[in-house]
Asks: 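Before anything else, here's the structure in question.
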Number of protein chains: 2
Amino acid sequence: MVSRTVAQVRVVIAKCSVDYAGRLTAHLPLAARLLMIKADGSVLVHSDGGSYKPLNWMSPPCTLQVLDPDEDQCAAGFTEIWTVTQAKTGDRLVISIAEVISDSSHDLGVDPGLVKDGVEAHLQELLAEHIETLGDGYSTVRREFMTAVGPVDILAKDSEGVSVAVEIKRRGGIDGVEQLTRYLELMNRDPLLAPVNGVFAAQEIKPQARALAQDRGIRCVVLDYDALRGMDDPASRLF
Amino acid sequence: MVSRTVAQVRVVIAKCSVDYAGRLTAHLPLAARLLMIKADGSVLVHSDGGSYKPLNWMSPPCTLQVLDPDEDQCAAGFTEIWTVTQAKTGDRLVISIAEVISDSSHDLGVDPGLVKDGVEAHLQELLAEHIETLGDGYSTVRREFMTAVGPVDILAKDSEGVSVAVEIKRRGGIDGVEQLTRYLELMNRDPLLAPVNGVFAAQEIKPQARALAQDRGIRCVVLDYDALRGMDDPASRLF
DNA sequence: GACTAAATTTCGGTA
DNA sequence: TACCGAAGTTTAGTC
């Protein structure tokens, strides 16, 4: 046995059936599939289709053990039995291989990782800068205004100096309205802040969320990401 | 050009950099990675590590176009430029390839799909059958009892005939308590149902969720999946 | 470390 | 088809 200092990813195309027993039990009938074994021992079972999610998988840390098939498994036509186990949770993935069509390994090295830009944080930043989007005379008091039950995305004041708590979401669902409701409940108990009005701002607001907000006297505002961005940099609107 | 009637999955190991522009923008610096192209045109960019989630991907339906690099890209050492676009959303994934280390395709056929067992639905079924777990004299009225704001997992009655709304979660967090609160609020306005008590049942209940539930007069019950299952089938407890 | 909220979420069910 | 909630969610950020 040679110790391997270089991590490799291994790709196997094989006819196999798969059984998982852990937080649930699942079974995949015999078929040709793509198996990916990563350096950390994690295993992915992919079919040709679906989304980025594998049919089955085992998350690291876990160990792969390759066993010879027993008599019954031999008789059923299986040549190798892979057992992937996670010591901590006791999860177990068993891949029964009937035929290996392809098997190759490659050294990928350590990935430098990815750079992300422009999510909810950006929306919040843009709206805080252009809070007048909510109405003439609005001004931003603070972003991430802390309360005992969590930070309010933006605390603002309207033209009459009345406090406004703004909750920002990319997609506005019921949970966002609940979140804002909790903030408002608490803030309205604070004599230094009260009264506090609520604004639920999102790029898209679900009908049920809108109904719930309305029922609670919370104003809904649909945000136009491109328009907000365009205010900062008019050139970007052209592209 | 030969039309291809057989779907294939293609695996490419390549040094590449990746740029995604869509719901967010992301960039991956030049490194060796595994590219999987499925028959439906979807593309997955995997590194050797992380979880089952790719570093980057494009969901179907989408199309892959392979272009020659322009002058600048040539000078930067790129040999192929892959552009994956989704017509509907305008999402765009650009994979700039500096070196192809391996490239192979395999016919996988149509996957028969997987069989799942034992999730939250199962918990609900088990508890509905053994509702006396919540207390002597409890009886199940209905599973998935519909309200205007969604279905209550189980509607039951206690030994005195008082209605009890049960919300079941595998892991009980604050959101689950909020959900149950919404149901209770609505149901208690219905003279035919009121008064309705609440029970928050989960395999695991987070401290903050428990505190919130207590504050609202909702009883918390920790479910023992194995014990519930054991009531159905005593033999299963042995294994 | 525990917990909460977001995710390019994806996936399944139902109205 | 749209909407809603669960997921073997995973992941990132905050307390």
Side-chain angles (χ1 to χ4, degrees), chain A residues 20-26 42 45 50-60 62 84 86 89-93 113-114 116-121 123-124 144 146 148-151 153 167-176 178-179 182 202 204-211, chain B residues 18-26 42-45 50-60 62 84 86 89-93 113-114 116-124 144 146 148-153 167-176 178-179 182 204-212:
Chain A
Y20 167 75
R23 276 162 286 191
L24 59 71
T25 57
S42 58
V45 181
S51 66
Y52 68 70
K53 200 175 175 180
L55 294 167
N56 266 121
W57 71 93
M58 185 65 83
S59 303
C62 57
V84 191
Q86 203 187 41
T89 61
D91 288 18
R92 170 183 289 261
L93 185 71
L114 92 159
K116 274 190 192 181
D117 270 312
V119 263
E120 188 187 300
L123 261 186
Q124 186 193 115
E144 302 287 346
M146 279 305 303
V149 291
D153 286 341
E167 176 65 30
I168 300 170
K169 287 274 180 284
R170 201 167 63 74
R171 286 188 309 186
I174 280 181
D175 55 344
E178 295 286 10
Q179 203 175 329
R182 284 200 299 275
E204 177 202 342
I205 296 179
K206 301 280 180 73
Q208 292 203 4
R210 186 180 291 275
Chain B
V18 182
D19 288 277
Y20 167 76
R23 277 160 286 190
L24 59 73
T25 57
S42 59
V43 177
L44 285 63
V45 181
S51 67
Y52 66 72
K53 199 174 174 179
L55 293 167
N56 258 316
W57 70 93
M58 184 67 83
S59 303
C62 57
V84 191
Q86 203 188 38
T89 61
D91 287 19
R92 169 183 289 262
L93 184 72
L114 92 160
K116 275 191 191 182
D117 269 312
V119 265
E120 187 188 301
H122 197 200
L123 261 186
Q124 186 193 116
E144 301 287 346
M146 279 305 303
V149 291
V152 177
D153 287 340
E167 176 65 30
I168 298 170
K169 286 275 181 285
R170 207 168 60 74
R171 285 185 311 185
I174 280 182
D175 54 343
E178 295 286 11
Q179 203 176 328
R182 284 199 300 276
E204 177 203 344
I205 297 179
K206 301 281 179 71
Q208 294 203 7
R210 185 182 290 274
L212 186 63

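Only this structure's heavy atoms are used, side chains among them; waters, hydrogens and symmetry mates stay out. Per chain, numbering begins at 1; letters A, B, ... match sequence-line order.
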Asks: Of the nucleotides dA6(C), dG8(D), dG5(D), which has the atom closest to the Q179(A) side chain?
Replies: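 Minimum distance to the Q179(A) side chain belongs to dA6(C).
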Asks: In whole Å, what separates the P atom of dT11(D) from that of dC11(C)?
Replies: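 It works out to 16 Å between them.
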Asks: Side chain of Y52(B): nearest nucleotide among dT9(C), dG5(D), dT10(D)?
Replies: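 In terms of side-chain proximity for Y52(B), the closest of dT9(C), dG5(D), dT10(D) is dT10(D).
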Asks: Verify the contact: side-chain N or O of R182(A) to OP1 or OP2 of dA5(C), cut-off strictly under 4.0 Å; return yes or no.
Replies: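 Yes.
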Asks: Rounded to whole angstrom units, what separation is found between the CD atom of E178(A) and the P atom of dA5(C)?
Replies: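 Nearest whole value for this atom pair: 12 Å.
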Asks: Looking at every strand, decide which applies to D175(A) at a 4.0 Å heavy-atom threshold: base, sugar-phosphate, or nothing.
Replies: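 D175(A): no heavy atom of the nucleic acid under 4.0 Å.
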Asks: Would you name the heavy atoms of S59(A) and C62(A) that are closest together and state the gap between them?
Replies: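 So the minimum-distance heavy-atom pair works out to O-SG, 3.5 Å.
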Asks: Tell me every residue that passes salt bridge (charged side-chain N to carboxylate O under 4.0 Å, His left out) with R182(B), counting only those two or more places apart in sequence or in another chain.
Replies: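 Applying salt bridge (charged side-chain N to carboxylate O under 4.0 Å, His left out) to R182(B) gives E178(A).
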Asks: How close or far is atom P of dC11(C) from atom CG of L114(B), stated in whole angstroms?
Replies: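 My rounded result for the distance is 11 Å.
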Asks: From dT4(C), dG5(D), dG8(D), pick the nucleotide closest to the side chain of K53(A)?
Replies: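 Of the options given, the side chain of K53(A) lies nearest dG8(D).
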Asks: Hey, is the side chain of T89(A) poking within less than 4.0 Å of OP1 or OP2 on dG8(D), counting only N and O atoms?
Replies: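 For dG8(D), neither OP1 nor OP2 has a side-chain N or O of T89(A) closer than 4.0 Å.
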Asks: Check every atom of dA5(C), dG8(D), dC3(C) against the side chain of D91(A) and return the nucleotide holding the closest atom.
Replies: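 My answer, after comparing the listed nucleotides, is dG8(D).
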Asks: In whole Å, what is the span from the CG atom of L212(B) to the C1' atom of dT4(C)?
Replies: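 One finds 13 Å between C1' of dT4(C) and CG of L212(B), rounded.
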Asks: Which nucleotide in the set dT10(C), dC3(C), dG8(D) lies at the smallest distance from any side-chain heavy atom of R23(A)?
Replies: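 In terms of side-chain proximity for R23(A), the closest of dT10(C), dC3(C), dG8(D) is dG8(D).
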Asks: So which nucleotide from dC3(C), dT8(C), dG8(D) ends up closest to the side chain of W57(B)?
Replies: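 Given the options dC3(C), dT8(C), dG8(D), the side chain of W57(B) is closest to dT8(C).
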Asks: Pick the closest DNA chain C nucleotide for M146(B) and for Y20(B) by heavy atoms, then say which residue is nearer the 5' end.
Replies: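 Of the two residues, Y20(B) wins.
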Asks: Quick one: I205(B) CD1 to dT4(C) C1', roughly how many Å, whole number?
Replies: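 Answer to the nearest Å: 17 Å.
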Asks: Taking atom P of dG5(D) as reference, at what distance in whole Å does atom CD of E144(B) sit?
Replies: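 It works out to 11 Å between those atoms.
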Asks: Does some side-chain heavy atom of L93(B) sit less than 4.5 Å from a side-chain heavy atom of N56(B)?
Replies: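 Answer yes - side chains close enough.
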Asks: Say we look at dG8(D) and dA5(C): how far apart would their P atoms be, to the nearest angstrom?
Replies: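 Those two atoms are separated by 22 Å.
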Asks: What is the separation between atom CG on L55(B) and atom P on dT9(C), rounded to the nearest whole Å?
Replies: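 My rounded result for the distance is 17 Å.
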Asks: Think S51(B) has a side-chain N or O under 4.0 angstrom from the OP1 or OP2 of dT11(D)?
Replies: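 The answer is yes; a side-chain N or O of S51(B) sits under 4.0 Å from OP1 or OP2.
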Asks: Out of curiosity, M58(B) CE to R92(B) CZ, how far, rounded to the nearest 0.5 Å?
Replies: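 With rounding to 0.5 Å, CE (M58(B)) is 8.5 Å from CZ (R92(B)).
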Asks: I need the CZ-P distance between R171(B) and dT4(C), as an integer number of Å.
Replies: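 In whole Å, dT4(C) P lies 11 Å from R171(B) CZ.
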Asks: Indicate yes or no: at least one non-hydrogen side-chain atom of I174(B) is less than 4.5 angstrom from one of L212(B).
Replies: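 With C-beta onward as the side chain, the pair touches.
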Asks: Tell me: NE2 of H122(B) to P of dG13(C), nearest whole Å?
Replies: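 Whole-Å distance recorded here is 16 Å.
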Asks: Describe the nucleic acid contact of M58(B) in one word from base, sugar-phosphate, nothing, applying a heavy-atom distance below 4.0 Å.
Replies: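 Nothing, no nucleic acid heavy atom in range.
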Asks: With nearest nucleotide decided by heavy atoms, which residue, N56(A) or G50(B), maps closer to the 5′ end of DNA chain D?
Replies: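 Closest to the 5' end, via its nearest nucleotide, is N56(A).
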Asks: At their closest point, which heavy atom of V45(B) faces which heavy atom of V18(B), and how far apart are they?
Replies: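 In this case the closest contact between V45(B) and V18(B) is CG1-CG2, 4.2 Å.
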Asks: Give one of base, sugar-phosphate or nothing for P151(B), where a contact means two heavy atoms less than 4.0 Å apart.
Replies: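 Result for P151(B) = nothing.
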